Amino acid sequence: MTALVRGKLLTPVFFDRDPRHVARELLGKLLIRKTAGGPLAGRIVETEAYLGKGDLAAHSAAGRTARNSVVFGPPGHAYVYFIYGNHYCLNVSCLPLGEPGGVLFRALEPVAGIEEMAAARDLDFSEDYFSAAGKAAKIAFLKKIASGPGRLCEAFGITRERDNGKSLMGARSDLRIVDDGHRCGRITVTPRIGIVQSADHPLRYLIAGNPFVSGPKRGNSLPAKVSR
DNA sequence: ATATCGATTATCT
DNA sequence: GATAATCGATATG
């Protein structure tokens, strides 16, 4: 697996906006984790926007607490929380200091560090088998690595202890997002997944037709489609 | 292919 | 004490 993992770091201005814009424009960017054994990288293919005010599904809906304080902080920083006693989820803070808002990373297309990520996910990986496998089998395997918010955190070793509050824009940060010039085509917008309050708002964004998005294939092409 | 269910704990009421 | 921005296993068509 070749790994061309280079690109421009994103800036505070990119994140200092409405989470809906950030969520949409994060599609196609690369999330990168620097490790001693080389970089882990995945292309962002699915996100969800969480708005500060009036969004009852957002952790910030009831105001600032110890857990959600990063979302009230400056833009471009990692908000990592623990959920269901089992999983971590990664968000990036949006909007200026004092205004809550964020974007949840829901799925990545594995780009570099496949073997390391598979190991972190407790998946069996054989280079020989993988390189010989057909296209469909490759996709099926790669989909298990980071297709889901809890899965991508496990693949990247993202935890609250290690990453909460960290800048995702820094040249010194081991966790960052870059723009490598990739342009995704059409974007599909659907309601968010796994929530009950404010469940109808179309705030989930995904690259249309991308096989690495989370969830059943059915719901991923239903409502509004937007191009860019 | 879709539905249902149990696991497991930080956080908030 | 109830809940949760999930996942993986199991059951059923």
Side-chain angles (χ1 to χ4, degrees), chain A residues 15 18-20 22-24 26-27 31 42 44-72 77-95 100-108 110 117-125 136-137 139-165 168 188-206 211-223:
Chain A
F15 295 103
D18 187 310
R20 287 170 288 205
V22 177
R24 177 185 295 276
L26 277 176
L27 295 179
L31 180 67
I44 301 165
V45 299
E46 178 183 352
T47 58
E48 279 178 1
Y50 285 85
L51 316 179
K53 280 189 172 175
D55 182 0
L56 298 184
H59 288 174
S60 56
R64 181 176 188 146
T65 67
R67 176 174 72 150
N68 67 22
S69 66
V70 173
V71 166
F72 288 79
H77 292 254
Y79 166 46
V80 183
Y81 65 90
F82 189 58
I83 191 69
Y84 292 113
N86 280 312
H87 312 287
Y88 291 97
C89 291
L90 172 68
N91 299 250
V92 59
S93 59
C94 300
L95 299 172
V103 172
L104 171 69
F105 293 79
R106 283 201 59 90
L108 306 175
M117 293 192 287
R121 288 272 300 123
D122 220 3
L123 301 171
D124 291 324
F125 177 84
I139 290 176
F141 179 80
L142 293 175
K143 193 174 159 73
K144 290 190 271 191
I145 292 181
S147 173
R151 290 170 169 183
L152 74 88
C153 282
E154 188 169 38
F156 271 61
I158 292 169
T159 67
R160 175 184 168 94
E161 295 71 24
R162 188 177 170 190
D163 300 303
N164 192 48
L168 297 179
T188 300
V189 185
T190 81
R192 294 170 293 185
I193 291 189
I195 57 173
V196 291
Q197 309 229 48
S198 301
D200 297 335
H201 301 82
L203 294 174
R204 170 174 176 250
Y205 302 85
L206 49 97
F212 301 100
V213 300
S214 72
K217 196 174 179 182
R218 175 169 56 84
N220 291 335
S221 50
L222 280 175

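Quantities reported herein were computed from a predicted structural model and do not represent experimental measurements. Order of the sequence lines sets the chain letters (A, B, ...), proteins ahead of strands, with each chain counted from 1.
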K.L.:
Mind checking if A/Leu104 touches a base, just sugar-phosphate, or nothing, with heavy atoms under 4.0 Å?
P.N.:
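The answer is base, as A/Leu104 lies within the cut-off (heavy atoms under 4.0 Å) of a base atom.
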K.L.:
Between atom CZ in A/Arg151 and atom P in C/dA5, what is the gap in whole Å?
P.N.:
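Answer to the nearest Å: 18 Å.
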K.L.:
How are the rings of A/His59 and A/Tyr81 set relative to one another: parallel (under 30°), tilted (30 to 60°) or perpendicular (over 60°)?
P.N.:
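Aromatic pair A/His59/A/Tyr81 classed perpendicular.
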K.L.:
Figure out the CD/P separation between A/Glu46 and C/dT6, and round it to whole Å.
P.N.:
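The distance from CD of A/Glu46 to P of C/dT6 comes to 10 Å, rounded to the nearest Å.
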K.L.:
Donor-acceptor pair, A/Arg192 side chain versus A/Ser198 backbone, under 3.5 Å?
P.N.:
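The answer is yes, because a donor-acceptor pair under 3.5 Å joins these two groups.
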K.L.:
Could you list all N or O pairs between the protein and nucleotides 9-13 of chain B that sit under 3.5 Å apart?
P.N.:
| residue | atom | partner | partner atom | Å |
| --- | --- | --- | --- | --- |
| B/dC12 | OP1 | A/Thr65 | OG1 | 2.4 |

K.L.:
Within this structure, what is the NE2-to-C1' distance between A/His87 and C/dG8, rounded to whole angstrom?
P.N.:
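Atom NE2 in A/His87 sits about 8 Å away from atom C1' in C/dG8.
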K.L.:
Please determine if a side-chain N or O atom of A/Arg121 lies less than 4.0 Å away from the OP1 or OP2 oxygen of C/dG8.
P.N.:
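The answer is yes; a side-chain N or O of A/Arg121 sits under 4.0 Å from OP1 or OP2.
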K.L.:
Could you tell me the separation between the CD atom of A/Glu154 and the P atom of B/dT8, rounded to a whole number of Å?
P.N.:
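The answer, rounded to whole Å, is 14 Å.
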K.L.:
Any strand counts, and the cut-off is 3.5 Å on both contacts for Watson-Crick or G-U wobble. Which nucleotide pairs with C/dA5?
P.N.:
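When the pairing criteria are applied, nothing turns out to pair with C/dA5, so the answer is none.
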K.L.:
Would you mind reading off the distance between A/Asp122 atom CG and C/dT6 atom C1', rounded to a whole angstrom?
P.N.:
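Rounded to the whole Å, the gap is 17 Å.
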K.L.:
Rounding to an integer number of Å, can you tell me how far A/Lys143 NZ sits from C/dG8 P?
P.N.:
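Value for this atom pair: 12 Å.
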K.L.:
Using a cut-off of less than 4.0 Å, is there contact between a side-chain N or O of A/Arg204 and OP1 or OP2 of C/dA5?
P.N.:
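The answer is no; no side-chain N or O of A/Arg204 sits under 4.0 Å from OP1 or OP2.
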K.L.:
Starting from C1' on C/dA4, measure out to CZ on A/Arg192 and report it in whole angstrom.
P.N.:
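Atom CZ in A/Arg192 sits about 15 Å away from atom C1' in C/dA4.
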K.L.:
Select from A/Lys144 and A/Tyr50 the residue whose nearest nucleotide in DNA chain C is closer to the 5' end of that strand.
P.N.:
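On the 5' side of the pair lies A/Tyr50.
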K.L.:
Rounded to the Å, how far apart are A/Tyr88 OH and B/dT8 C1'?
P.N.:
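Atom-to-atom, A/Tyr88 to B/dT8, this comes out as 12 Å.
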K.L.:
Name the orientation class of the two ring planes belonging to A/Phe141 and A/Phe125 (parallel below 30°, tilted from 30 to 60°, perpendicular beyond 60°).
P.N.:
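Plane angle between 30° and 60°, so tilted.
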K.L.:
Give me the atom names and distance for the closest heavy-atom approach of A/Leu27 to A/Glu46.
P.N.:
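In this case the closest contact between A/Leu27 and A/Glu46 is CD2-N, 3.5 Å.
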